[in-house]
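Within every chain, numbering begins at 1; the chains are lettered A, B, ... in the order of the sequence lines, protein sequences first and strands thereafter. Values reported hereafter were calculated over all heavy atoms of this structure, with side chains retained and with hydrogens, waters and symmetry mates removed.
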Amino acid sequence: VHIKKLEVYGFKSFGFRNTVVHFENGLVAITGPNGSGKSNILDAIMFAIGENSPKAMRVDKFQSLFHDSQNPGHRLVRVSITFDNLDRGIPMDEDTVTLTREMEGLTGDSQYLLNGKKVSKTAIMELLEVVLSAPNKLNIVQQGMITRISELNSEERRKIIEDIV
Amino acid sequence: VHIKKLEVYGFKSFGFRNTVVHFENGLVAITGPNGSGKSNILDAIMFAIGENSPKAMRVDKFQSLFHDSQNPGHRLVRVSITFDNLDRGIPMDEDTVTLTREMEGLTGDSQYLLNGKKVSKTAIMELLEVVLSAPNKLNIVQQGMITRISELNSEERRKIIEDIV
Amino acid sequence: KKEMFMEAYNRVDSDIRATFARLTGGTAHLELENPDDVFAGGVMLLVAFPGKVARESTALSGGEKTITATVFLLALQSLKPSPFYLMDEVDAHLDAQNTERLSKVLTERSQNSQIIMVTLKDSTVAKASLIYGVYPRQGVSQVVKYRNPSQVPLAQIAAEGS
Amino acid sequence: KKEMFMEAYNRVDSDIRATFARLTGGTAHLELENPDDVFAGGVMLLVAFPGKVARESTALSGGEKTITATVFLLALQSLKPSPFYLMDEVDAHLDAQNTERLSKVLTERSQNSQIIMVTLKDSTVAKASLIYGVYPRQGVSQVVKYRNPSQVPLAQIAAEGS
Ligand SMILES: Nc1ncnc2c1ncn2[C@@H]1O[C@H](COP(=O)(O)OP(=O)(O)OP(=O)(O)O)[C@@H](O)[C@H]1O
Ligand SMILES: Nc1ncnc2c1ncn2[C@@H]1O[C@H](COP(=O)(O)OP(=O)(O)OP(=O)(O)O)[C@@H](O)[C@H]1O
Ligand SMILES: [Mg+2]
Ligand SMILES: [Mg+2]
């Protein structure tokens, strides 16, 4: 399983168009000037796989995820992530699995779609366990946080190994 | 007033020799490979001007400031900092002012010398107010901390301006 | 429970030893604080870069902590592989030699798991098999795909956006 | 008390406006949350990089936060100058353009206050009037003084230590 495609609409610095990013297996580099939107791409991936803390996406509240220029009434954020499932790492008999998360208007409530069909969040949590974040989210290292992993105390380090087992 | 010279003995990665660093006014760059001792030079300056929190010098306790290889019984840390005082920014009628901090053996107690004469810490705090750290220590930005200053909340930012007034 | 933990602990430890030694020429390993009662103590990570005394990972320099943290993360991977890793400018505080070491080990590990890495360093971009340049245009992020780093040096990606 | 505060606030604000505009071509300024009762509210820092909408400094990108923080620190300097500044790799998350901007403004300000800056970037080293190379030899830090950056590129300082 790996990320094959990301489609972003109205999320943070991505405007009213559908921005598509095709990924491949192996090492993918994202580069560009300061403030261009690199970290926002990682935030969009976290959003799509169900991240529920605005702070983890570097905003104070869900409303701040809507692109600035959106008219408060018609706001829509939509992020779709497509996984390559040829190895059937996700227990579904599909070569690709697409998870879509939409957030509308003022409530900030999200709805999820799996390969186009509406599903509840709990339903996908079970199924997508393998792609949703690792225990302690150790597969996601945000900007400026890498040295924190070496600053864990010995209790924290033991707990991390315990959680995985 | 500016830092003219730093002499470091037995402090962190500086061994049993007296390492001397001459500084000048303007922009001074310190560079070199990872783990060479660059941040330790800044820690030594903070130590000499009276820093009392081991954590601010990136160690868990004062004992960890002694160079590793020192025999626990004979350990000595000595850091001297010499200020250029031609502008009499420090209220002393001397062209240079040297502050020395020594820490011995097992107690971790420090003693201070001003231009070679033993003084108490409180005595120097008054006199050297201008060179000792600014309110909130905003003149010292440790590694990885610069973005924190932009992440202050509006209360914290008001308090910083209030403290200076 | 203790048996499962110890089996996991030993696998992570041996992966750390092998990877750190290969990457830096130094030594690193895990150590139990309380071997008799494992869950009563923690797990230490002791690290010695070449020419240096072994120290806890908390007492290293910024760049040394980055290398050590990456080795630890990848060792956990050997226990429970994640299908993908997201890393945001983890090479920012590294010197040229450690930047090379880091991108070398990430390229190796990216054979088993996808690694998506935000970086500002040319030498890291050069190791990637797929590159995206991101730049702002009237406050909206644009993405451009590059197949080969030599096509577009970082400075050019930056310039495209201005 | 309020008068003194407002005088200080206005000086910092005008320094931020001038420095940020000169440095980036964008706009930045302070704003009181509660102008009628100053001490009942905080002080906001609103920033708009070129081509972008004004946002609070907390909502910027990593590199944008670095530039904004530096401008804020230097503006406080105009209130109460410190005789020296210590900065440890503050340019780590900056792209080439912002690294130039940062080292340009620090060079200017270093006319009034000494700035001691740890950096791994050649372009920052190149702006300094005095350079120290630090490298380890058998676990002990050695320092070497260089007068002129062209004498010793960073890679050579790194190599001296191996
Ligand atoms: N809701 C939003 N609407 C529009 N723009 C936004 C929104 N939220 C954040 N931004 C802007 O998105 C821009 C890009 O942010 P991001 O953190 O992704 O940059 P980056 O490419 O990672 O930069 P750096 O290299 O400095 O880390 C910032 O300028 C930020 O102000
Ligand atoms: N008490 C001590 N005795 C001997 N060495 C020490 C002591 N305390 C710290 N060190 C070592 O000093 C070395 C240099 O640390 P320092 O943080 O100054 O490096 P640096 O040059 O800033 O590196 P980086 O570029 O990675 O930030 C580290 O390898 C650290 O382990
Ligand atoms: Mg970023
Ligand atoms: Mg350092």
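Contacts with chain B were tallied for D:T58, D:L130, D:L45, D:V47; D:L130 has the most, counting heavy-atom pairs under 4.5 Å. Considering only heavy-atom pairs separated by less than 4.5 Å from chain B, the leading option among D:P81, D:S129, D:S113 is D:S129. Top candidate by heavy-atom pairs under 4.5 Å with chain D, chosen from B:H67, B:H2, B:E156, B:M145, is B:H2. Most heavy-atom pairs under 4.5 Å with chain B, from the set D:E31, D:Q142, D:E64: that is D:Q142. Note: D:V118 leads D:V118, D:T68, D:V38, D:T124 in heavy-atom pairs under 4.5 Å with chain B. Considering only heavy-atom pairs separated by less than 4.5 Å from chain B, the leading option among D:G62, D:A8, D:G41 is D:G41.
Taking CG from B:N139 and CD from D:Q77, the interatomic distance works out to 9.0 Å, rounded to the nearest 0.5 Å. Here the CD-OG distance, from D:E56 to B:S150, works out to 11.0 Å after rounding to the nearest 0.5 Å. For the atom pair B:L138 CG and D:L76 CG, the distance stands at 6.0 Å (nearest 0.5 Å). Taking CZ from D:F84 and CD1 from B:I140, the interatomic distance works out to 5.5 Å, rounded to the nearest 0.5 Å. From D:T119, atom OG1 reaches atom NZ of B:K38 across 9.5 Å, with rounding to the nearest 0.5 Å. Note: B:N34 CG to D:L120 CG = 6.0 Å, rounded to the nearest 0.5 Å.
Contact of D:Q111 with chain B is not made at all, since no heavy-atom distance falls under 4.5 Å. Residue D:A75 does not touch chain B at all, counting heavy-atom pairs closer than 4.5 Å. Heavy-atom distances place the side chain of D:L73, and not its backbone, under 4.5 Å from chain B. Of the atoms belonging to D:I67, not a single heavy atom falls under 4.5 Å from chain B. Both the backbone and the side chain of B:E151 come within contact range of chain D, judged by heavy atoms closer than 4.5 Å.
Within 6.0 Å of atom NZ in B:K121, more than 12 heavy atoms from other residues, nucleotides or ligands are found, so the atom counts as buried in its surroundings.
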For this session: For side chain to side chain contact (heavy atoms under 4.5 Å, CB included), just list the numbers for D:S141 and B:K12, CA-CA rounded to whole Å, side-chain angles, deciding distance to a tenth of an Å, and then say yes or no.
Result: CA-CA 9 Å; D:S141 296; B:K12 294 183 98 177; over 6 Å; no

For this session: Check the pair B:V28 / D:M117 against side chain to side chain contact (heavy atoms under 4.5 Å, CB included), numbers first and verdict last.
Result: CA-CA 6 Å; B:V28 177; D:M117 171 115 171; over 6 Å; no

For this session: Evaluate the criterion side chain to side chain contact (heavy atoms under 4.5 Å, CB included) for residue pair B:I45 and D:L86; output intermediate values, then yes/no.
Result: CA-CA 9 Å; B:I45 292 172; D:L86 308 180; 3.9 Å; yes

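Listed in order of number, the residues of residues 14-27 of chain B that approach chain D to under 4.5 Å between heavy atoms are B:F14, B:G15, B:R17, B:T19, B:V20, B:V21, B:H22, B:F23, B:E24, B:N25, B:G26, B:L27.
Between D:H93 and B:T147, every side-chain heavy-atom pair lies at or beyond the 4.5 Å cut-off. Residues D:I116 and B:L42 form a side-chain contact, since some pair of their non-hydrogen atoms from C-beta on lies under 4.5 Å apart.
A salt bridge does not link B:R158 to D:E33: none of the charged nitrogens lies less than 4.0 Å from a carboxylate oxygen.
Although no hydrogens or angles enter the test, the distance criterion places no donor-acceptor pair under 3.5 Å between the side chain of B:T31 and the main chain of D:G133. With hydrogens and angles ignored, the 3.5 Å screen pairs no side-chain donor or acceptor of B:E162 with any backbone N or O of D:F5.
Nearest heavy-atom pair, D:D88 versus B:Q142, reported as atom, atom and distance to 0.1 Å: CB-C, 3.9 Å. Here the closest non-hydrogen pair linking B:S36 and D:Y135 is CB-CA, 3.6 Å.
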